[in-house]
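Heads up, the thing below is written out as structure tokens.
Remember, it's a predicted structure, so these values are computed and weren't measured experimentally. Protein chains get the first letters and strands the later ones, always in sequence-line order, with residue 1 at the start of each.
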Number of protein chains: 2
Amino acid sequence: MFDDVIRSFAELDLRPGQYSVLAVVGHRPGLKQSSVAAALGIQRANFVALINALERRGLARRSAVPNDRRSYALHLTAEGERVLARANARAAVVEARLDAKLGPGGRARLLSLLRRLGAHG
Amino acid sequence: MFDDVIRSFAELDLRPGQYSVLAVVGHRPGLKQSSVAAALGIQRANFVALINALERRGLARRSAVPNDRRSYALHLTAEGERVLARANARAAVVEARLDAKLGPGGRARLLSLLRRLGAHG
DNA sequence: TATTGTTATACTCTATAACTATA
DNA sequence: TATAGTTATAGAGTATAACAATA
């Protein structure tokens with residue numbers, strides 16, 4: 001299933017981790033670099049190369065934060081928004097395939113069970 | 001959940017992949033090295049270091065196969081059986097924790113849904 | 001003192017190509 | 001020709017320590 005996701009994004013030259021960054025930054029523009037990393041469970045040391053690559057490709061950009069010269073705020077470029085939209089479309093196709101396999105209500109039942117696994121205690 | 005498994009085996013100095021090898025070889029002694037690798041979805045090139053480590057620790061051993069001098073048959077040593085038994089006990093504890101989180105019948109429902117995800121088509 | 005971004009480094013898992021010795 | 005085991009190598013992903021700039 002994860003390989004299916006990887007193949008699906010490969011045509012956009014996007015790794016799953018890169019897609020998750022685009023999705024978070026697209027949904028909440030202006031978040032600090034380390035906040036995005038934390039939201040995705042990525043350590044900030046490892047996040048640097050990730051955001052570097054997206055910035056080099058012109059999909060995301062760092063911008064200065066007023067009142068805190070240590071931080072960068074992250075935004076998508078117009079091209080980044082376009083790539084994110086195309087990736088979302090592909091993700092929807094993968095999800096539809098999953099739903100077809102799981103049957104009606106299957107996804108909700110699966111997510112409910114998986115949430116319990118993550119519950120603390 | 002996977003981190004829980006890793007922590008649980010760490011006290012036996014066993015990685016999840018090593019445990020899976022012990023489990024397969026313990027359950028079906030005499031399988032060829034490449035059959036065990038294939039059964040676990042591990043490429044034979046990467047399996048070499050894995051089985052080397054288990055053999056060096058005295059948990060598993062390679063033995064000659066009659067009529068095919070290319071192959072090795074894999075078996076557990078007495079110590080390997082003991083470590084496997086202790087690992088199985090720890091795995092049972094982890095499983096009990098999972099069952100407690102999932103509730104009655106939860107595991108069966110979860111496995112049923114996951115099996116559908118793996119179904120071809 | 002603590003935090004942000006960064007670099008360097010190391011370890012695990014995985015993937016591929018190529019070799020050898022057998023079949 | 002094909003297969004079993006092996007070696008070498010490279011790429012991701014991830015983890016920790018340490019540093020400079022800033023708070």
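- Residue-level contact check: A/Y72 touches the backbone only, with heavy atoms under 4.0 Å from sugar-phosphate atoms and none from bases.
- A donor-acceptor contact shorter than 3.5 Å is absent between the side chain of B/S71 and the backbone of B/K32.
- For B/R44, there are no salt bridge (charged side-chain N to carboxylate O under 4.0 Å, His left out) partners at least two apart in sequence or on another chain.
- As a whole-Å value, the separation of A/F2 CZ from D/dA12 C1' is 11 Å.
- Near DNA chain C, defined here as any heavy-atom distance below 4.0 Å, there are no residues from residues 16-39 of chain B.
- D/dG13 atom C1' lies 14 Å from atom CG of A/L40, rounded to whole Å.
- Applying the salt bridge (charged side-chain N to carboxylate O under 4.0 Å, His left out) test to pairs two or more places apart or on separate chains, those with a residue in residues 71-93 of chain A are A/E11-A/R90, A/E79-A/R82.
- Whole-Å rounding puts the B/E55 CD to D/dG5 P distance at 12 Å.
- For the pair B/F9 CZ and C/dT12 C1', the interatomic distance rounds to 17 Å; values are reported in whole Å.
- Residues satisfying the side chain to side chain donor-acceptor pair (under 3.5 Å) criterion with B/Y72, sequence neighbours excluded, are absent altogether.
- Neither OP1 nor OP2 of D/dG5 sits under 4.0 Å from any side-chain N or O of B/R62.
- By the salt bridge (charged side-chain N to carboxylate O under 4.0 Å, His left out) test, A/R107 pairs with A/E95, A/D99, sequence neighbours left out.
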How does protein contact run along nucleotides 15-23 of chain C, one letter per nucleotide 5' to 3', with B for base contact, S for sugar-phosphate only, - for none, heavy atoms under 4.0 Å?
BBB---BBS
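- Note on A/L12: it clusters hydrophobically with A/L59, by side-chain heavy-atom contacts below 4.5 Å among ILVMFWY residues.
- Residues in residues 56-66 of chain A take part in these side chain to side chain donor-acceptor pair (under 3.5 Å) pairs, two or more places apart or across chains: A/Q33-A/R62, A/N52-A/R62, A/E55-A/R62.
- One atom, CD1 of B/I42, and another, P of C/dT12, lie 15 Å apart when rounded to the nearest Å.
- Per the geometry, CZ belonging to A/F47 stands 9 Å off P belonging to C/dG5, to the nearest Å.
- With sequence neighbours left out, the side chain to side chain donor-acceptor pair (under 3.5 Å) criterion links A/R70 to A/D68.
- A straight line from CD1 of B/I6 to P of C/dC11 spans 17 Å, rounded to a whole angstrom.
- Protein atom CZ of A/R61 is 19 Å distant from nucleotide atom C1' of C/dG5, rounded to whole Å.
- By the salt bridge (charged side-chain N to carboxylate O under 4.0 Å, His left out) test, A/R7 is found to be paired with no residue, residues two or more places apart in sequence or in another chain being considered.
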